[in-house]
Enquirer: 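First, the structure itself, so that you have it in front of you.
Proteins get letters first, then strands, A, B, ... in listed order; numbering begins at 1 in each. Because only heavy atoms are used, hydrogens play no part in the values below, and waters and symmetry mates are left out as well, while side chains stay in. Keep in mind it's a predicted model, so treat the numbers as computed, not measured.
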Number of protein chains: 2
Amino acid sequence: MKLKELASHLGLSQTTVSRALNGYPEVNEETRQRVMEAARRHDYRPNASARRLATGRAGAIGIVLPTDRNMLLDPHYIEFQAGLGERLLRDEIDIVLSPTKGSDELATYRRMALGGRVDAVILSSPTVVDERVGLLTELGLPFVLHGRTESHIPHAWLDIDNEGAFHHATKHLLDLGHRRIGLINGETRHTFARDRENGFRRALNAHGLAVDEAFVANGLMTDEIGYRITARFLAERPRPTALLVSSMMMSLGAFRAIRAAGLELGRDVSMIAHDDVFPFLNPDVMVPTMSTTRSSIRAAGKRVGELLMELLVEGRAPETIHELWPVELVVRGSTGPAPRD
Amino acid sequence: MKLKELASHLGLSQTTVSRALNGYPEVNEETRQRVMEAARRHDYRPNASARRLATGRAGAIGIVLPTDRNMLLDPHYIEFQAGLGERLLRDEIDIVLSPTKGSDELATYRRMALGGRVDAVILSSPTVVDERVGLLTELGLPFVLHGRTESHIPHAWLDIDNEGAFHHATKHLLDLGHRRIGLINGETRHTFARDRENGFRRALNAHGLAVDEAFVANGLMTDEIGYRITARFLAERPRPTALLVSSMMMSLGAFRAIRAAGLELGRDVSMIAHDDVFPFLNPDVMVPTMSTTRSSIRAAGKRVGELLMELLVEGRAPETIHELWPVELVVRGSTGPAPRD
DNA sequence: CTGTTAGCGCTTTCAC
DNA sequence: GTGAAAGCGCTAACAG
């Protein structure tokens, strides 16, 4: 069923039917009812491409999906998508995933912009210096950055307070008497990792403590890397009495390394991990329960969807969109007072 | 830059330029070079909507994304997407995610089909009786099912041999002398869970053993549920000496429950878990290493992309596409001989 | 080998 | 309040 057929069916013009369906005010209320009713009965759906071509709006937002390693081989991504989808659903906006090999990423954004397939894009996992912001601005494709990057170009972003979170967590460990604290972090080129490290260092410095560089490590946020780094830390003498870990996934590996070293989590070694709140990994049911800095990545996705709509529909200026979310510290069983030496 | 401009720039008609760009054979090779070169120089990209409207092809395939809990907001999903993307990338095919609330799922498929936004869709996590197959067939929207469902309607599917995998795993445990084996499975409405249970039962029966229903459990495939079910199993007397677990995520919880019960994995209790091969969860680096039935969900995604293209481009008949992948049993440290009673 | 001419299905002036 | 007509940017017969 296409508009033309529907119109002739009703003995009306395409124009009127289109107007009725799209809620234009100048349509007779009775006519509108008839049109609506007929549309429903015939299960009429406007053709997306035709509508887009006519309006210039794509009704979709884009995400570039790097198919190779390490970018988003983690569950963070899908949680974010779920949140985003939750919001976009309301306006029947689709998410277009454009697969890309890591090296062609910028070219893919270019293709998205020029192809008119999307109205805006979302940028995730920014690095400290991120070329994408400049490119998209130049291309005139609206976007919201999830995270932050250093750039003089005004743009919309939403981030969590990584610096504050790890500062708080470190301070908590210091208050418990820990003096040798290890940091197991994501890759340094990512802004969030740098921010967390800054928070960590600031807390130690404020306490008059030097950072022991042997206890600062970065890597992919996997179970395996968590295990390896922790094993290395625990082999040092003296070893750290507490760990700050950038992801729950890494904390799983860290936990195993602690056990493998014959130590007990929450007594011999304390741990605080960052929790993005995955439905399948609940710090409350771990044994011992895991102390965390918590911020739902799904909620962030939802809010980013919201901001995108404000950008697109209400024409809100990107530079007015800067949201920094506070991060909660949840103290559970994996943290305890520093053991005596 | 649009086609029209590019054409007048070159002193050619739109048609010729279009043909040159789309690789039609009847274009003079020299002309084609000129056109290509000009297109590159001006960074010309055909408008996706216009092309779609003209050709009727969308250049995208759809996935319905259930935004609420428990469907597949788990990492399985993103791995599959990555594999799919890897293949679709080659033909510049996009993936359109249509967010939906669980209950509106069928309506969303309908919308996708009628809206012409996608050329085909992918169906994941089928239930034993799955209405989607009938709906899509009726709507005439091509699809490939990842998994299997009971249906008399001919359709394309790719699945792993879940029955065989769990039969094999169970048999292996039996050969090691285990007699009380627990099954920790996904939700029974899903075909894969039913198939795994069937394989498990068949192996026990072939061995002349009755299935102890107290040792068969189903639930969401999360760490938490894995923990709970295992704790319950281990509280039974006599308790199981081996566990078959449907996901690595659940096995993490199972592992914790085993430790919490003061038992040792691989000695007091053996475990085989199904591994979808996530880059962030490596059975080889666990302690002890985890025995698994292994099949890469990412490889499946890639192959589904391939099949989709055959369906769409080469016009392959859906009913000729039935792939059942064998599953490898990888014996590692988490399995050992049954302990003496 | 190239150009002319219709559309694809919808929205949107501009008249009435 | 409704309709006629002109596109949106591209592809695809059909001629030549």
Enquirer: Does C:dT2 have OP1 or OP2 sitting under 4.0 Å from an N or O in the side chain of B:Thr31?
Expert: yes

Enquirer: How close or far is atom C1' of C:dG9 from atom CE of A:Met1, stated in whole angstroms?
Expert: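 In whole Å, C:dG9 C1' lies 14 Å from A:Met1 CE.
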
Enquirer: Using the closest heavy atom to pick a nucleotide of DNA chain D for each, name whichever of B:Arg51 or A:Ala54 lands nearer the 5' end.
Expert: A:Ala54

Enquirer: Look at B:Tyr44 and D:dC10 and indicate whether a side-chain polar atom (N or O) is within less than 4.0 Å of OP1 or OP2.
Expert: yes

Enquirer: Hey, is the side chain of A:Ser18 poking within less than 4.0 Å of OP1 or OP2 on C:dT11, counting only N and O atoms?
Expert: yes

Enquirer: Side chain of A:Leu12 only, please: which of D:dG3, D:dG9, C:dT2 is the nearest?
Expert: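 It is D:dG3.
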
Enquirer: Which listed nucleotide (D:dA12, D:dG1, D:dT11) is nearest to the side chain of A:Asn28?
Expert: D:dG1

Enquirer: Assess whether one donor atom and one acceptor atom, taken from the side chain of A:Thr15 and the base of C:dT11, lie less than 3.5 Å apart.
Expert: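 Per atom types, no contact qualifies.
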
Enquirer: Tell me whether the OP1 or OP2 atom of D:dC8 has a side-chain N or O from B:Asn47 closer than 4.0 Å.
Expert: no

Enquirer: What's the CD-C1' distance between A:Gln33 and D:dG1, to the nearest Å?
Expert: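 The answer, rounded to whole Å, is 16 Å.
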
Enquirer: Taking B:Asp130 for the side chain and B:Thr127 for the main chain, is one N or O donor matched with an acceptor at less than 3.5 Å?
Expert: yes

Enquirer: When you measure from the side chain of A:Leu53, which nucleotide among D:dC10, D:dG3, D:dG9 comes out closest?
Expert: D:dG9

Enquirer: Go through D:dA4, C:dG7, C:dC10 for me and flag the one nearest to the A:Leu3 side chain.
Expert: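 Side chain of A:Leu3 sits closest to C:dC10.
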
Enquirer: Just compare C:dT12, C:dG3, D:dA12 and give me whichever is closest to any side-chain atom of B:Ser13.
Expert: C:dG3

Enquirer: What's the closest nucleotide to the side chain of A:Arg19 if the choices are C:dG9, C:dT13, C:dT4?
Expert: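 Within the option list, the nearest is C:dT13.
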
Enquirer: Please determine whether a side-chain nitrogen or oxygen atom of A:Tyr24 lies at a distance below 4.0 Å from atom OP1 or OP2 of C:dT11.
Expert: no

Enquirer: Whole-Å distance between C:dT13 P and A:Gln14 CD?
Expert: 16 Å

Enquirer: May I ask you to verify if any side-chain N or O of A:Lys4 is less than 4.0 angstrom from the OP1 or OP2 atom of C:dG9?
Expert: no

Enquirer: Which nucleotide in the set C:dG3, D:dG9, D:dA5 lies at the smallest distance from any side-chain heavy atom of B:Lys2?
Expert: D:dG9

Enquirer: To the nearest 0.5 Å, what is the distance between OG1 on B:Thr320 and CG on B:Leu311?
Expert: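 Rounded to the nearest 0.5 Å, the OG1-CG separation comes out at 8.0 Å.
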
Enquirer: What is the distance, to the nearest angstrom, from the CZ atom on A:Arg45 to the P atom on C:dC10?
Expert: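 Answer to the nearest Å: 12 Å.
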
Enquirer: Could you check which of C:dT11, C:dT13, D:dT2 has an atom nearest any side-chain atom of A:Thr55?
Expert: C:dT11

Enquirer: Judged by atom type as modelled, is there a donor-acceptor pair below 3.5 Å linking the side chain of B:Arg298 to the main-chain atoms of B:Ala82?
Expert: no

Enquirer: Expressed as a whole number of angstroms, how long is the span from B:Glu26:CD to D:dA13:P?
Expert: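 Nearest whole value for this atom pair: 11 Å.
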
Enquirer: For the pair made of CZ in A:Arg52 and P in C:dC8, what is the distance, rounded to whole Å?
Expert: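 Result: 19 Å.
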
Enquirer: In whole Å, I'd like the distance from the CG atom of A:Asn22 to the C1' atom of C:dG9.
Expert: 13 Å

Enquirer: Checking contacts here: which listed nucleotide (D:dC10, C:dC10, C:dT11) is nearest the side-chain heavy atoms of B:Pro46?
Expert: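 Nucleotide nearest to B:Pro46's side chain: D:dC10.
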
Enquirer: Would you check if the distance from the ring center of B:Trp157 to the ring center of B:His322 is below 6.0 Å?
Expert: yes

Enquirer: Check for a donor-acceptor pair, side chain of B:Thr55 on one end and backbone N or O of B:Arg51 on the other, with a separation under 3.5 Å.
Expert: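 Checking the backbone N and O of B:Arg51 against the side chain of B:Thr55, a donor-acceptor pair under 3.5 Å is found.
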
Enquirer: Any side-chain N or O of A:Thr16 below 4.0 angstrom from OP1/OP2 of D:dG3?
Expert: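 Checking D:dG3 against A:Thr16, a side-chain N or O does come within under 4.0 Å of OP1 or OP2.
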
Enquirer: If you take the centroid of each ring, where Trp contributes its six-membered ring, are A:Phe192 and A:His190 closer together than 6.0 Å?
Expert: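 Between A:His190 and A:Phe192, the centre distance is under 6.0 Å.
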
